[in-house]
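Start at 1 and go down the list; that is how both ligands and their atoms are numbered.
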Amino acid sequence: MKTYHPDGTQNPTWWQTAVFYQIYPRSFQDSTGDGIGDLQGIINRLDYLVDLGINAVWISPIFPSPMADFGYDVSDYCDIHPMFGDLATFDRLLAEAHARSLKIILDFVPNHSSNQHPWFLESRSSRDNAKRDWYIWRDAKPDGSPPNNWISMFGGSAWTWDEKTQQYYLHSFLPEQPDLNWRNPDVVDAMHNALRFWLKRGVDGFRVDAILCLIKHEDFLDNPPVAPGSFWEAWGHQFEPRYTVNQPEMFEHVRLMRRVFDEFEERVHIGETSTEDVAGLIPYYGRPLDGYDIPFNFKLLHADWHAPTMRQIIEDYYDILPAGGWPNFVFGNHDIHRFATRYGYENHRSVAMLLLTLWGIPTLYYGDELGMEDVFIPVEQRVDPWGINMPEGDFGRDPERTPMQWDASPHAGFTSGEPWLPVADDYQQRNVASQLADEQSTLNFYKTLIQLRRSRPALHNGAFTFVDGLGDDLLAYLRAADGQRLLVCLNFSDQARPVDLSHLTSSAETLLSTHFTAHSGTTFTLQPHESVLLQLK
Ligand code: NOJ
């Protein structure tokens, strides 16, 4: 049995022991009746977040934007979209959150701006404009076709022709999201200053979007075709993005951004990564630890719900973490179908059990604490450009972005108007109010689990040991600190499974079960899909 000892457990920083919670602001709480969530709505729900027990809220983009990609197309990095409120509302949100000991993390979108950003409007106004080189412009090939075969992450060529100035511009995502040229030092300065604008205001950190695309190869070489069965093929790509993602100079920019964070105290630097395996996460930590505090780890999120697979990924990750580097795990966000749907509803509490008891920072996605599932969106109501552009694949992200289900009133208490995406049909049964009233609800399961994680050091920074020999359907591990030993055991199968812990302990007490069962003794049976957290003697 191999044991991992978290480094620096004596004096962990706030984010090492925190539970993060992502809010997709359009869908959390509307306070104006326009059918779209806003900052005042979040303020109105802060007490809910405190009651849930989370420590830090990451809010997807709230900046001025034409909303071609629902905020990931920013037209002013230093203001708030009027749909969400204004700077004064934001300052109030920050103050109200801080008064409740909640941290606020914003989303920074450095790779691209909106095509309506004044910088791009200038850049496209003429070839000799001072901001021309703030974006990536290239001539057509002699036959008029794009400069190379690079494709957008959202499908189609990554190049769009500009009639007026007779050149193509590059966009790793939508044509409405032109890529900024990070090889231009003026762009770097302007973007670093945008970070400072918010850090000075008191935000506690940033999640940095799509960092992998930040720098492209200088020679603009064609990308090779994807290998059959490869990671990129699974993402619907025809070409492996060898010259468009994860370029060495990109890591240098991660370090430079990090230095901006370090001008302030106790800010957290989180990166949206995309790597084929956990080894790909390591360079994002920096050498030594001068990159991301939390390079988002999506590996479990893309794995099958299968005990040996999950164990292998966790073990591979722990094995190669750099000294002092802290692991993290994600199971859901606004870009992936909800895990209650992906893994089957019967497993959704076990996913939470895993996420909140592993050694590593957990990030929750709003509504997962209710067991929210994907909502089927009829074709005519679909709005996600990725899903609309790539209709042949399952790429639409609307199903996981539907309004939070607060209560049984019309539109689930999310809005008094027409919600921008439909509310789940089951909202009258599945909502915060009904689950608070039910002791054995998923919401109360989460609250207890988060409370246990917060109150037991073993769960956030205790030593971690896999328990071997319990069979392929079970995943079990020990967490230990301050003389306390906890054991987590997850049953991945749809059959009951006997568990024998007599080689580990003389007695075990159930702290929490996904099924709210109290097991006693050292041998017991886990129900199908049941997971338990036990205190060992
Ligand atoms: C990743 C974000 O999470 C996603 O929602 C967005 O569409 C792309 N980056 C482009 O910014």
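- Of all the atoms in ligand 1, the ones that sit under 4.0 Å from a non-hydrogen atom of His112 are 10 (C), 11 (O).
- In this model, no donor atom of one side chain and acceptor atom of the other lie less than 3.5 Å apart for Asp262 and His269.
- Atoms of ligand 1 lying under 4.0 Å from at least one heavy atom of Phe154, given by number and element, are 7 (O).
- The closest side-chain heavy-atom distance from Met404 to Val432 is below 4.5 Å.
- Counting protein heavy atoms only, atom 8 (C) of ligand 1 is closest to Phe173 CE2, 3.8 Å.
- Looking only at protein heavy atoms, the nearest one to atom 6 (C) of ligand 1 is Asp69 OD2, 3.3 Å.
- Atoms of ligand 1 found under 4.0 Å from any heavy atom of Asp335, numbered from 1 in the order shown, are 1 (C), 2 (C), 3 (O), 4 (C), 5 (O).
- Heavy atoms of Trp386 stay at 4.0 angstrom or farther from ligand 1.
- Checking each of Asp335, Val330, Asn111 against Glu272 for a side-chain contact (heavy atoms from CB on, under 4.5 Å) leaves exactly one that passes, namely Asp335.
- A centroid separation of 6.0 Å or more is found between the aromatic rings of His217 and Trp150.
- Looking from atom 2 (C) of ligand 1 to the surrounding protein, the closest heavy atom is Asp209 OD1, 3.1 Å.
- By the side chain to side chain donor-acceptor pair (under 3.5 Å) test, Gln381 is found to be paired with no residue, residues two or more places apart in sequence or in another chain being considered.
- Assignment of Gln22 to the shell around ligand 1 is not supported, since no heavy atom sits closer than 4.0 Å.
- Residues satisfying the side chain to side chain contact (heavy atoms under 4.5 Å, CB included) criterion with Glu163, sequence neighbours excluded, are Trp161, Gln166.
- Residue Phe70 does not touch ligand 1, judged by heavy-atom distances below 4.0 Å.
- Annotation for ligand 1: atoms under 4.0 Å from non-hydrogen atoms of Arg401 are 5 (O).
- We find the CG-OH distance between Asn328 and Tyr317 to be 4.0 Å, quoted to the nearest 0.5 Å.
- Residue Arg397 places a heavy atom less than 4.0 Å from ligand 1.
- Proximity of Met153 to ligand 1, defined as any heavy-atom pair under 4.0 Å, is not found for any part of the residue.
- Note: Trp326 and Tyr292 fail the aromatic proximity criterion, with ring centroids not under 6.0 Å apart.
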